[in-house]
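Remember, predicted model here, so these are calculated numbers, not experimental data. Just follow the structure's listing: the first ligand is 1, and inside any ligand the first atom is 1.
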Amino acid sequence: MAKNALVTGWGFYAPSRVMTNAELERIVDTSDEWITSRTGIKERRIASDEETTSFMSVRAGRAALEKAHLRPQDVQLVIVGTCSPDYLFPATACLVQTELGATRAGAFDVEAACTSFITALAIARGMIVSGAVQNALVIGAERLSRLLNWKDRTTCVLFGDGAGAAVLEASNASVGIESTVLHGDGSKGEMLMVQAGGSKRPASAETIERGQHFITMAGGEVFKLAVKSMADAAEEAIAEAGLTLDDIDILIPHQANVRIIDGVAKRLRFPPEKVFINIQRYGNTSAASIPIAICEAEATGRLRRGDKVLLVAFGGGFTWGAAVLEWFGAHDGVRPLSPLERAGRALEDVVERVRPI
Ligand code: COA
């Protein structure tokens with residue numbers, strides 16, 4: 001059994017269409033000043049008709065696989081964390097698995113709203129460490145623009161679209177994902193939800209008339225709970241990893257609101273300069289926010305080999321959780337294969353060549 005699950009690849013996809021606060025000023029009664037001062041958001045990406053959740057997931061996933069030097073046909077598990085799947089079913093992960101050519105992978109979606117990526121990471125880590133799989137492609141992806149009421153200024157200014165992915169591989173090294181914690185509280189679920197379109201309240205002329213297919217949120221309540229829950233989960237994950245807050249080199253939180261992030265850092269007494277923030281350019285991309293932030297932290301040199309990383313999120317459900325990992329980074333050049341893997345691949349290539357069309 002592997003000792004650990006290591007992140008060996010990462011990638012993200014963001015739609016090219018940028019929607020600025022100035023543009024929102026023309027759609028709803030809001031202002032750049034209000035949005036910036038209350039949330040930290042300056043702009044967000046909005047998916048085109050072609051850029052579905054699966055479309056963005058495939059692109060983020062492909063980039064992560066390339067970084068890990070892992071062939072799609074060698075992927076054993078695809079998990080997509082999302083609350084804006086292409087369909088109720090089939091799972092977005094199945095669409096992604098097929099499109100990527102990950103023909104031998106199991107595939108399923110995880111829905112824990114903004115905590116979906118950490119939840120998927122925890123599941124993948126557990127399956128790797130138990131020996132059930134050797135690797136997993138974990139994706140967080142959202143197309144929330146299609147679930148927003150563009151007449152509701154209290155929600156439409158907050159969210160954006162995008163996808164981020166990570167490849168996890170079994171490793172006998174002592175580094176990797178060191179702890180994960182997950183929590184939930186369904187008793188306050190109605191504070192952040194999409195009321196209709198599920199089996200309890202299926203789509204009907206009435207639900208559409210009432211706008212029940214859109215996200216509704218009691219923002220102020222969510223705000224307060226988010227700060228406390230994220231700080232608590234962070235402390236728990238750090239303790240479970242056998243570390244203290246001083247050991248953490250970088251905090252990459254879910255990007256919901258810069259004031260929530262500041263509140264968490266303050267509550268933890270964590271140095272703000274060690275917190276990674278990119279919400280100003282993406283808004284809240286829910287399940288995608290942490291993996292996109294990981295990619296940008298790495299690309300800008302904020303995330304380096306050996307760094308202890310703290311991930312923390314809070315979302316609808318309510319759900320919240322955290323993870324601590326030691327960043328390994330990319331395999332330099334070619335991914336080292338075990339002799340068994342090497343022999344297996346050589347055999348596969350021969351079979352591929354002689355297989356009748
Ligand atoms: N532009 C201008 N004014 C707005 C506005 C907008 N886009 N949205 C709300 N307002 C108004 C409100 O109507 C309210 O007006 P009123 O006092 O006349 O009633 C006023 O601004 C203040 O609203 P309030 O809700 O108190 O603001 P806030 O400081 O709590 O910030 C949020 C609102 C939504 C930004 C904040 O509560 C938040 O970020 N919550 C968490 C949201 C989240 O990201 N959840 C996802 C899961 S983590």
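- Using a 4.0 Å threshold on non-hydrogen atoms, atom 16 (P) of ligand 1 does not count as touching the protein.
- If you check each of F318, F159, F223, W34 against atom 5 (C) of ligand 1, the one with the closest non-hydrogen atom is W34.
- Here T30 has heavy atoms under 4.0 Å from ligand 1 in both its backbone and its side chain.
- Looking at A226 against ligand 1, nothing comes within 4.0 Å, counting heavy atoms.
- A salt bridge links D232 to K228: at least one charged side-chain nitrogen sits closer than 4.0 Å to a carboxylate oxygen.
- The protein reaches atom 8 (N) of ligand 1 closely, with a heavy atom under 4.0 angstrom from it.
- Residues Y282 and L147 are members of separate hydrophobic clusters, defined by side-chain heavy-atom contacts under 4.5 angstrom among Ile, Leu, Val, Met, Phe, Trp and Tyr.
- Of all protein heavy atoms, the one closest to atom 25 (O) of ligand 1 is G220 N, 4.9 Å.
- In this structure, atom 19 (O) of ligand 1 is not in close contact with the protein, since no protein heavy atom lies within 4.0 Å of it.
- Looking at L192 against ligand 1, only its side chain comes within 4.0 Å, counting heavy atoms.
- When heavy-atom distances to ligand 1 are checked against a 4.0 Å cut-off, T154 comes that close through both its backbone and its side chain.
- Residue I35 does not touch ligand 1, judged by heavy-atom distances below 4.0 Å.
- Nearest protein heavy-atom contact of atom 45 (N) of ligand 1 is M217 SD, 3.2 Å.
- Contact check on K308 versus E178 returns a salt bridge, with a Lys/Arg side-chain nitrogen under 4.0 Å from an Asp/Glu carboxylate oxygen.
- Atom numbering of ligand 1 starts at 1 in the shown order; those under 4.0 Å from a heavy atom of V222 are 45 (N).
- Atom 39 (O) of ligand 1 is flagged as protein-proximal [any protein heavy atom, distance under 4.0 Å].
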